[in-house]
Structure formats: structure tokens, C-alpha cells
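A short worksheet on the structure shown next.
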Amino acid sequence: MENLILTPHPGWLHIALNRPAAKNALNTATLAALAETLTQAATDPTLRAVLLSGTEGNFAAGADITEIETKTSAQAAQDPRKAHWAAVRAFPKPLIAAVDGFALGGGLELALMADLIVLGETAKLGLPETNLGLIPGAGGTQRLLALAGRARASRMILTGEIIDAQTAHAWGIAAYLAAGSALSDAITLTSKIALRAPLALQAAKAALIAGDEAPRAFTLERANFESLMDTADKAEGIAAFREKRKPSFTGT
């Protein structure tokens, strides 16, 4: 749990991603710890909501590239991260994300799994996986599509564009836009939600998810993500990222 900071409050729990040297990038250990913490919180009768944030000015700057650099399609299909992502999404209580700084790739996908997102003025959101020869693989295409619409989701995913907090709020990606840091407003919001009837909160969340996510192509997204692991373009994209140059993709 060294990659998380857990701070209990009356009725709710604050989980802070804590890999500041990596801008809180979501390596497998961090994601596993988060899944375990949320699974435990789900059965804790004293907790009615969870607030998720980053540390030192960033939410989460994507996945840990070192873990996917040499991963094959077969390995991706057996990746334990799939179960960890599923555990996060299965959390039955309100999940609030306080997003300051970077929320990119897997970091944005994590924020999109929250029921409510509070954006700080420094927030930068993006799904830049196509720059690496990949696509989002944890529901990002589908959840962004649901929130921002086809045109805006296509713009962000196909171009890899990173948008600011004001744009993300205007596009409906986040429910709240803070005047400064997201965390203060998110603490107030989570404290307020934690005062409401817990069974009603869980029933409402379940109904919202069922109505929004049932028709979405999560399985296809994941299958396409896994298939790209064996491509030369993925290798080139990651190499170019490491070397701070433009990639030269060949379609192989």
C-alpha cells in the first residue's frame, strides 16, 4: 500500500495515489492496491463514499509504460490489471475523483470510472494512447463517448489532444469546476454525500451505471487494445516517446 495514502473521515475515505516521481502513473502494484482498498471499503458499513485524488499536483499521468513496452497480446489478455479495473468499477458506493494536473490515459480512465469528477484549474485531460500505437483499454473510449459525445470523443482519442479543465467541464466530462485546487471542493462534496442514506446512494449508482453502460462496447475496446500489443507501431510509439521524438508509424 506504499503507493496509496489512506485518510479516513467520518462516513468516507480519502484515497490519494502516491507515486509523485512518476506523476502517479498507474503501475500494476498501485492499481492492485486501489482495487483491494475499494473492495474492503465496499463492505465497510462506516463508509458511505470514497474520494480519490493524486498527490503533489497530479491525478495520474497514465499507465506505467515500462510495464506495457514488451507485453504481447497473449500477455495482455491474461493481465491481472483487467481484474483490478473491474474491481474499481464494481465499487458500489459513490466514488468522487478530485483531478488536479495530469489525468492522462489510464489516469483519465480511472477518473471516468468515478461517479462525480471535480476538476481543479490546473487539470489536463487526455487519452493520448494513439501516440503510442495503442488505444484506451479500460473503458476510456466508451465512457468519454457517453459524457462528451461522438465528435468530442473522436477528437480527443484520434488526435491524442489534451484539453484543459474549462474545456472538459464545458464538454460535460466533469460535474464540477473548482476555482483553485480540486481537492478542497471535492472534500466538501464527499462529506455532503456521506450524510445521505447509504442504501439509496448505492441503489441510485447501480441504476445509473446499468442505464449508461449496458449498451456500450467495452469488450470490443479491450479486445482491440490487446490486439495492438504485438504491432510494430506500438513498439515504435513507445520508443519515440522515450526518445522524445515524433514516431514513424508503418501500419504494421
Side-chain angles (χ1 to χ4, degrees), residues 26 31 34-35 38 49-53 59-63 81-99 102-120 123-131 134-178 182 186 189-190 193 200-226 228:
L26 296 170
L31 197 57
L34 177 61
L38 289 175
V50 167
L51 170 61
L52 181 62
S53 75
F59 184 71
R81 293 170 64 92
K82 289 202 291 186
H84 303 330
W85 282 119
V88 174
R89 194 67 197 114
F91 181 63
K93 302 175 183 181
L95 181 63
I96 295 89
V99 177
F102 288 122
L104 304 178
L108 179 53
E109 290 185 289
L110 176 58
L112 292 174
M113 288 185 180
D115 302 292
L116 294 167
I117 300 175
V118 181
L119 296 177
K124 301 291 184 183
L125 280 60
L127 293 174
E129 285 88 345
T130 55
N131 295 333
L134 294 169
I135 65 169
T141 64
Q142 301 304 293
R143 294 189 177 98
L144 187 60
L145 176 64
L147 291 170
R150 171 67 182 277
R152 289 164 173 166
S154 295
R155 172 175 163 178
M156 289 183 66
I157 294 166
L158 298 182
T159 70
E161 179 181 356
I162 296 172
I163 61 174
D164 61 22
Q166 292 74 21
T167 302
H169 181 253
W171 286 4
I173 296 172
Y176 298 91
L177 180 62
L189 174 63
T190 309
I193 290 173
L201 289 172
Q202 293 181 52
K205 174 169 179 169
L208 287 164
I209 290 175
D212 182 56
E213 296 196 351
R216 304 209 172 272
F218 292 104
T219 301
L220 177 61
E221 178 200 77
R222 182 67 196 187
N224 287 346
F225 169 80
E226 291 171 4
L228 291 168

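Keep in mind that this is a model prediction, so the values were computed, not measured.
- Heavy-atom minimum distance, Val99 versus Leu125: CG1-CD1, 4.3 Å.
- Looking only at atom types and distance, the side chain of Ser154 has a donor-acceptor partner in the side chain of Arg150 under 3.5 Å away.
- When all heavy atoms of Trp171 and Arg155 are compared, the closest pair comes out as CZ2-NH1, 3.6 Å.
- Side chain of Glu221 to main chain of Gly140: a donor-acceptor pair is present (N/O by atom type, distance under 3.5 Å, no hydrogens or angles).
- Rounded to the nearest 0.5 angstrom, Ile209 CD1 and Met113 CE are separated by 10.0 Å.
- In terms of heavy-atom proximity, Leu144 sits nearest to Ile173 at CD1-CD1, 3.7 Å.
- Although no hydrogens or angles enter the test, the distance criterion places a donor-acceptor pair under 3.5 Å between the side chain of Lys205 and the main chain of Lys93.
- Contact check for Leu34 versus His84: no side-chain heavy atoms found under the 4.5 Å cut-off.
- Side-chain atoms of Gln142 never come within 3.5 Å of backbone atoms of Arg216 as a donor-acceptor pair (strictly under, hydrogens ignored).
- The two residues Leu119 and Ala165 have their closest heavy-atom pair at CD1-O, 3.5 Å.
- Glu129 places no side-chain N or O within 3.5 Å of a backbone atom of Leu134 that could act as its donor or acceptor partner.
- Nearest approach of Val50 to Phe91, heavy atoms of both residues: CG2-CZ, 3.5 Å.
- A donor-acceptor pair is defined here as one N or O able to donate and one able to accept, closer than 3.5 Å; such a pair exists between the side chain of Thr130 and the backbone of Ile157.
- Closest approach of Phe59 to Leu52, counting heavy atoms only: CE1-O, 3.8 Å.
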